> 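Provided herewith is a single structure, encoded as structure tokens, for subsequent inquiry.
Model, not experiment: these values are computed from the prediction. Residue numbering restarts at 1 for every chain, and letters A, B, ... go by the order of the sequence lines.
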2 protein chains.
Amino acid sequence: MKKELRVKRNEIPNLTTRRLSIYLRCLQILEADGVETISSQEMAERFHLNSAQFRKDLAYFGEFGVRGLGYPVLDLKNHLIGILGLDRSIRMAIMGAGNLGTALAGYGGFNTDSLKVTAIFDADPDKVGRLMRPGLRISHVSELIPFMRENPVQIAVLAVPAKVAQEVLEQVAAAGIKSVLNFVPVRLKVPAGVRMQSVDLKVQVESLAFHLPREEESGEAPPTTTL
Amino acid sequence: MKKELRVKRNEIPNLTTRRLSIYLRCLQILEADGVETISSQEMAERFHLNSAQFRKDLAYFGEFGVRGLGYPVLDLKNHLIGILGLDRSIRMAIMGAGNLGTALAGYGGFNTDSLKVTAIFDADPDKVGRLMRPGLRISHVSELIPFMRENPVQIAVLAVPAKVAQEVLEQVAAAGIKSVLNFVPVRLKVPAGVRMQSVDLKVQVESLAFHLPREEESGEAPPTTTL
DNA sequence: TACTGTGAAATCTTTCACAGCA
DNA sequence: TGCTGTGAAAGATTTCACAGTA
């Protein structure tokens, strides 16, 4: 009784979604290592995961395992690619050609088989026209809407200065981009119909700072790990 | 009855910790705007937060508000700085002077009053010695331990190639660094006594991909926002 | 009066533990 | 036998709603 997707897509826990992407990465490693079948237990040991969680996460989408044996690596990998929607080409535009925007445009994880950075925009006329790498020239933000008509992108990456972030987010939404990965450390009002994920590097560091040992304290605080 | 910290530090929910850092940022904006007092309700409206959550998050640490009035902005800001431990200097080392490492070394959020990037390491002899900016020269990884004796850092940022990530993480731990912000998209075994936060950019994008509309589907999926 | 601080309820997520199948 | 798939329990987090107070 192998069904694809047993509950509505938006009922899948957010954290499950993220783990799928991690599982996919692990399976790709196993595939490269020539492993054909793996049990949830072995998977957990090898990649520091939780075996029950692994099984339950997958169970939202169907029955991919074989009782008594485990999961067929190649098959499960392909299923995950389908579930995540990585079986087609996903194009991304980077908004902001600063330090971070430039690094992200060249980031390996954003330039894979399915994911592609196909555009980068900036407001600075000095930067516009510059070639980031063969085939990737910096365009002016005002060209976003005409660009989208020729070469639609599905995801925008926000890496602009804080002052203009809200404005650029609205332009992105107006251009019809529905998914945004935001790196700007500012509270944004998300336009209706847009899905936004924020990566806040300063928050990450400050939450590490919170747990740093302090002079006034004694006693050990047992550290833990996230993600 | 104003106590600082009513429960043990490691009993504070992880998500609360992160929000503290966001609250601090909001308060800094309010301070710059000359706002002296703010209610949890106003706070929520202005920054798209949840007012009950704001109150409850703060309640882990003491009573900072005035009933009938709200919270004194300056005072609460200073409390949060103390709670997060940003009232002292926190030094960070970037491991890996590639694309991302270089961008992070120059990232504004990592170079503030309290946070400072004071070192950057790489294994490539061609990069070693290069000056990233005045006062920040790329060192060879093998110099990490002697460097730590002279200029201890509290946080390491892992931005090295996946193949060497585990090895570098262990070197970092051996050098006595207890907090790691990891950008490498790989499952790492975290050495005992080390706290690690991972930022996985590919996972972020793929979880957006998961929710992208598909050809085979009809019907609207109402999008939402994280963080 | 207009707010905070907070128990209690609701919701969400993880983990347990085992029935059932290859 | 050795595993998966999954209800049910436990645990964590958010939200409600209101007593209490400046």
> For F54(A) and dC16(C), what is the distance between atoms CZ and P respectively, to the nearest whole Å?
18 Å
> Can you find a heavy atom in the side chain of C26(A) that is under 4.5 Å from one in the side chain of R46(A)?
no
> Measure the shortest side-chain to side-chain distance between F183(A) and L104(A) over non-hydrogen atoms and say whether it is less than 4.5 angstrom.
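Of all side-chain heavy-atom pairs linking L104(A) with F183(A), at least one is under 4.5 Å.
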> Can you check the E63(A) CD to dG20(C) P distance for me, whole Å?
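Going from E63(A) (CD) to dG20(C) (P), I get 14 Å.
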> Answer yes or no: is there a donor N or O on one side and an acceptor on the other, between the side chain of E42(B) and the main chain of S39(B), under 3.5 Å?
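Flag set: sc E42(B) to bb S39(B) pair under 3.5 Å.
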> How close or far is atom C1' of dT15(D) from atom CG of L49(B), stated in whole angstroms?
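It is 15 Å, rounded to the nearest whole Å.
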> If a protein heavy atom is under 4.0 Å from the base, mark B; if only from the sugar-phosphate, S; if neither, -; do that for nucleotides 8-14 of chain D going 5' to 3'.
B----SS
> Could you tell me how far apart E45(B) (CD) and dC3(C) (P) are, to the nearest whole angstrom?
10 Å
> Keeping R18(B) on the side-chain end and S207(A) on the backbone end, is there a donor-acceptor pair under 3.5 Å?
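No: the side chain of R18(B) does not pair with the backbone of S207(A).
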> Quick one: Y71(A) OH to dC21(C) P, roughly how many Å, whole number?
16 Å
> Are side-chain heavy atoms of R9(A) and I83(A) found at a separation under 4.5 Å?
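Result yes, sub-4.5 Å side-chain heavy-atom pair found.
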> Atom CG of L69(A) to atom P of dT4(D): distance rounded to whole Å?
9 Å
> Is the H79(A) ring parallel, tilted or perpendicular to the F64(A) ring (thresholds 30°, 60°)?
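If you compare the ring of H79(A) with that of F64(A), the planes turn out tilted.
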> Is a donor-acceptor contact shorter than 3.5 angstrom present between the side chain of R67(A) and the base of dT4(D)?
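Result: at least one qualifying N/O pair found.
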> Roughly how many Å is it from CZ in R55(A) to C1' in dT6(D), rounded to a whole number?
9 Å
> Whole angstrom is fine here: how far is it from CZ in F61(B) over to P in dT4(C)?
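The distance from CZ of F61(B) to P of dT4(C) comes to 18 Å, rounded to the nearest Å.
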